[in-house]
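Here's the structure, in structure tokens; my notes come after.
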2 protein chains.
Amino acid sequence: MATMKDVAREAGVALGSVSRVINHAPGVKQKTIDKVNAAIKKLNYVPDEYARGLKVKSSKTVALILPSIWNLFFAEFAYYVEKYLAEKNYKLLLCNYSNNPKAEQHYIKMAKQNKIDAIICITYDDLDKYFYAGIPLVSIDRYFEQKISYVTSENYEGGRLAAEELLKHGVKHPAFIGTYNHNPSDVMKRHKGFAEYLSEQGYEFADVYLLEPVTKEEEETELFKLLDKNPEVDGIFCNTDSLLLDVKNWLAQREISVPEQIQLIGYDGIKPDFNSELGISTIRQPLPEMAKCAVEMVIEKVEQHRDEQRIERFPVSYIEGNTTKNI
Amino acid sequence: MATMKDVAREAGVALGSVSRVINHAPGVKQKTIDKVNAAIKKLNYVPDEYARGLKVKSSKTVALILPSIWNLFFAEFAYYVEKYLAEKNYKLLLCNYSNNPKAEQHYIKMAKQNKIDAIICITYDDLDKYFYAGIPLVSIDRYFEQKISYVTSENYEGGRLAAEELLKHGVKHPAFIGTYNHNPSDVMKRHKGFAEYLSEQGYEFADVYLLEPVTKEEEETELFKLLDKNPEVDGIFCNTDSLLLDVKNWLAQREISVPEQIQLIGYDGIKPDFNSELGISTIRQPLPEMAKCAVEMVIEKVEQHRDEQRIERFPVSYIEGNTTKNI
DNA sequence: CTGAAAGCGCTTACAG
DNA sequence: CTGAAAGCGCTTACAG
């Protein structure tokens with residue numbers, strides 16, 4: 001493969017000049033630019049990012065660290081992150097966090113080894129490790145201790161909206177199901193918003209709010225405990241769409257019909273892909289915009305060496321599906 | 001950050017010796033190894049992959065090129081590919097193929113620039129470009145012109161199985177819906193297997209088999225044309241689970257009930273995540289095994305410079321869900 | 001078994 | 001505006 005030296009020889013200029021035209025350095029004569037570009041074309045030259053990276057200590061790569069790409073919410077997010085990163089000429093290294101226990105360790109080491117420029121990270125575990133590795137970081141949904149920047153949705157408003165829609169659809173005995181982590185996260189505001197709206201309207205609600213880690217079986221058990229104790233429940237706000245899907249299956253197994261007997265509203269707005277719908281009723285987060293924002297924030301940190309904390313919250317909207325009744 | 005030179009100084013050995021112990025070169029005295037390792041620990045040294053990559057022309061990275069990670073089938077596949085790659089100390093660069101039209105071009109250039117060791121590729125468009133870029137390649141579902149290795153499922157058997165299950169579930173008037181690409185792919189055998197099984201059993205079937213590219217709207221239109229012409233249809237084999245989900249929504253809009261009026265069987269076995277189920281009836285591909293095989297094939301090509309064509313087909317199984325009737 | 005040295009392909013002061 | 005040169009942090013023959 002042709003190297004920069006070959007290009008220089010072909011163009012009849014010095015090595016440095018080739019480098020300058022490639023990097024669009026200011027103050028290069030047009031004639032030189034033309035000669036170099038002609039030589040590049042002729043030799044089909046493409047610069048070696050590794051040699052470049054060795055000098056400039058950057059790889060134009062950001063690592064996306066998440067529990068698992070195998071999840072429609074994360075998959076859509078990753079899709080857009082990659083898309084916006086590619087537009088800015090950055091690459092995406094995919095890191096499935098939850099594969100192995102020592103994964104954090106592994107990925108931090110990798111980040112150092114490979115001159116990862118930055119990290120976009122979705123984890124409800126401790127972020128300190130990344131943070132202290134000195135690599136620019138933006139997180140999703142995380143809380144604001146230790147000045148980590150993050151992007152999230154209007155979780156509090158989303159919780160209120162879910163409650164409001166449930167009531168609007170005729171629910172008289174609402175319930176909540178979801179989990180939370182001991183690390184504070186913005187996501188917890190969904191529960192708060194839900195609770196506060198209902199109390200303002202003079203409603204009580206049955207509550208299954210479990211501290212992680214928690215298995216599916218436990219969630220199922222708790223749901224049915226709740227239903228046994230509160231057989232009048234006729235509407236449930238599920239903290240995520242994933243959970244809604246599970247709840248729907250569990251209810252189906254006991255022959256409880258959705259939405260006739262119990263109406264369900266989820267959170268996230270997941271879709272099977274770009275142009276399909278799951279058809280569930282849910283509070284949709286504007287994922288494309290959120291991904292774009294995360295990319296911009298992280299690139300700003302990298303290129304402008306800014307490291308103050310920034311928090312962006314995006315508005316949510318209600319999507320009517322078939323897990324609520326027609327009004 | 002500490003460099004190899006620092007480690008050498010700290011350990012009181014030459015640069016080359018440090019390199020040798022890091023790379024587990026044979027014939028290094030145990031005492032040297034110990035000294036070096038101690039220095040590495042002490043200085044918290046981690047080797048720079050870029051300097052290494054510059055010398056050895058490898059990055060321990062494979063690019064996963066696919067239409068879109070935003071798709072449960074691809075997301076699960078990517079999840080396992082990353083997992084197995086990580087086990088072998090390789091990294092995964094994620095490339096969403098369908099973002100932009102000139103993406104192929106872009107990703108090939110990137111591959112060259114970044115010393116991508118290999119490509120795992122899911123695309124039903126032309127693969128020539130990757131192939132001729134001289135980078136080891138394994139594909140999914142692709143056909144065997146030009147000696148490209150691939151892994152796929154027993155598509156023919158899967159098609160037969162779908163037909164068999166439909167009949168077993170009492171379907172009298174089966175139909176097929178799906179699309180195909182002008183590039184021959186193993187996936188087309190699903191249609192063939194389906195057709196042949198039915199004809200062996202003395203059944204006819206209504207067929208919507210469309211050449212891509214095709215929009216959702218066209219698929220929907222064709223489906224209803226078929227249903228108008230063949231109102232007796234009571235069971236449909238959908239070429240993919242994604243499509244099944246759409247078909248289900250379309251039928252719901254016309255108040256055709258599934259599975260009471262029409263039973264549906266899909267193909268793929270997609271799940272929302274590791275421990276949830278969508279609850280649809282489908283022909284499941286063993287994705288973890290397929291991903292593992294793809295990773296092994298590609299690493300074998302890289303490390304053993306093998307480039308003969310290899311084809312692996314994995315057996316499928318029927319998963320009973322709620323889009324077919326209980327028998 | 002291990003030093004000393006060359007070189008991978010770039011970038012970037014430093015002269016001029 | 002552009003050459004010539006040093007150097008980024010490694011690996012790997014080559015001696016010894």
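Residue numbering restarts at 1 for every chain, and letters A, B, ... go by the order of the sequence lines.
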- [ ] Verify the contact: side-chain N or O of B:Lys57 to OP1 or OP2 of C:dG9, cut-off strictly under 4.0 Å; return yes or no.
- [x] yes

Open item on the list: Heavy atoms only, 4.0 Å cut-off, all strands: where does A:Thr3 land among base, sugar-phosphate and nothing?
Closed with: sugar-phosphate

Task: Candidate nucleotides D:dC8, D:dT2, C:dT11, ranked by approach to the side chain of A:Leu54 - the nearest - done: D:dC8

TODO: Could you check whether B:Lys5 gets within reach of a base, just the sugar-phosphate, or nothing at all, counting any heavy atom under 4.0 Å?
DONE: nothing

- [ ] Measure from the side-chain heavy atoms of A:Ser19 and tell me the nearest of D:dG9, D:dC14, C:dT12.
- [x] C:dT12

Open item on the list: Classify A:Val13 by what it touches in the nucleic acid, base, sugar-phosphate, or nothing, heavy-atom distance under 4.0 Å.
Closed with: sugar-phosphate

Open item on the list: If you assign A:Ala2 and B:Gly27 each to the DNA chain C nucleotide with the nearest heavy atom, which residue ends up on the more 5' nucleotide?
Closed with: B:Gly27

Task: Distance-only donor-acceptor test (3.5 Å): side chain B:Lys55, base D:dG9 - done: no

Open item on the list: Parallel, tilted or perpendicular: which one describes the rings of B:Trp70 and A:Phe274, with boundaries at 30° and 60°?
Closed with: perpendicular

Open item on the list: How many whole angstroms separate atom CG of A:Asp34 from atom C1' of D:dT2?
Closed with: 16 Å

Task: Between A:Asp141 and A:Thr152, a side-chain donor and acceptor under 3.5 Å - done: yes

Open item on the list: Main chain of A:Lys31, side chain of A:Asp34: is a donor-acceptor contact present, judged purely on distance under 3.5 Å?
Closed with: no

Open item on the list: Just the rounded figure in Å: distance from C1' of C:dC8 to CG of B:Asp48.
Closed with: 13 Å

Task: Nucleotide nearest A:Thr32 when distance is taken to its side chain, options D:dC1, D:dC14, D:dG3 - done: D:dC1

- [ ] Take atom CE of B:Met4 and atom P of C:dA4, then tell me their distance rounded to the nearest Å.
- [x] 16 Å

Open item on the list: Suppose we define a pair by two distances each less than 3.5 Å, Watson-Crick or G-U wobble; what does C:dG3 pair with here?
Closed with: D:dC14

Task: Closest to side chain of A:Val56, choosing from D:dG9, C:dT11, C:dG3 - done: C:dT11

Task: Sidechain-backbone polar pair: A:Asn71 side chain, A:Phe73 backbone, donor-acceptor under 3.5 Å - done: yes

TODO: Measure across A:Lys301 and A:Ser149 and return the closest heavy-atom pair with its distance rounded to 0.1 Å.
DONE: NZ-OG, 2.8 Å

Task: Nucleotide C:dG9, atom C1' - distance to CZ of A:Arg9 in whole Å - done: 13 Å

- [ ] Take the protein atom NE2 of A:His24 and the nucleotide atom C1' of C:dT11, then report the distance between them rounded to whole Å.
- [x] 16 Å

Open item on the list: Can you identify which nucleotide, out of C:dC10, C:dG3, D:dC10, has its nearest atom closest to the B:Ser17 side chain?
Closed with: C:dG3

- [ ] To the nearest Å, give me how far apart CG (A:Asn23) and P (D:dT2) are.
- [x] 15 Å

Open item on the list: Distance check needed: C:dG9 P versus B:Arg52 CZ, whole Å only.
Closed with: 16 Å

Task: Gap between atoms CG and C1', on A:Leu15 and C:dC8 respectively (whole Å) - done: 13 Å

Open item on the list: Is it true that A:Asp117 and A:Tyr90 share a donor-acceptor pair across their side chains at a distance under 3.5 Å?
Closed with: no

Task: From C:dC14, C:dT11, D:dC10, nucleotide with atom closest to B:Tyr45 side chain - done: D:dC10

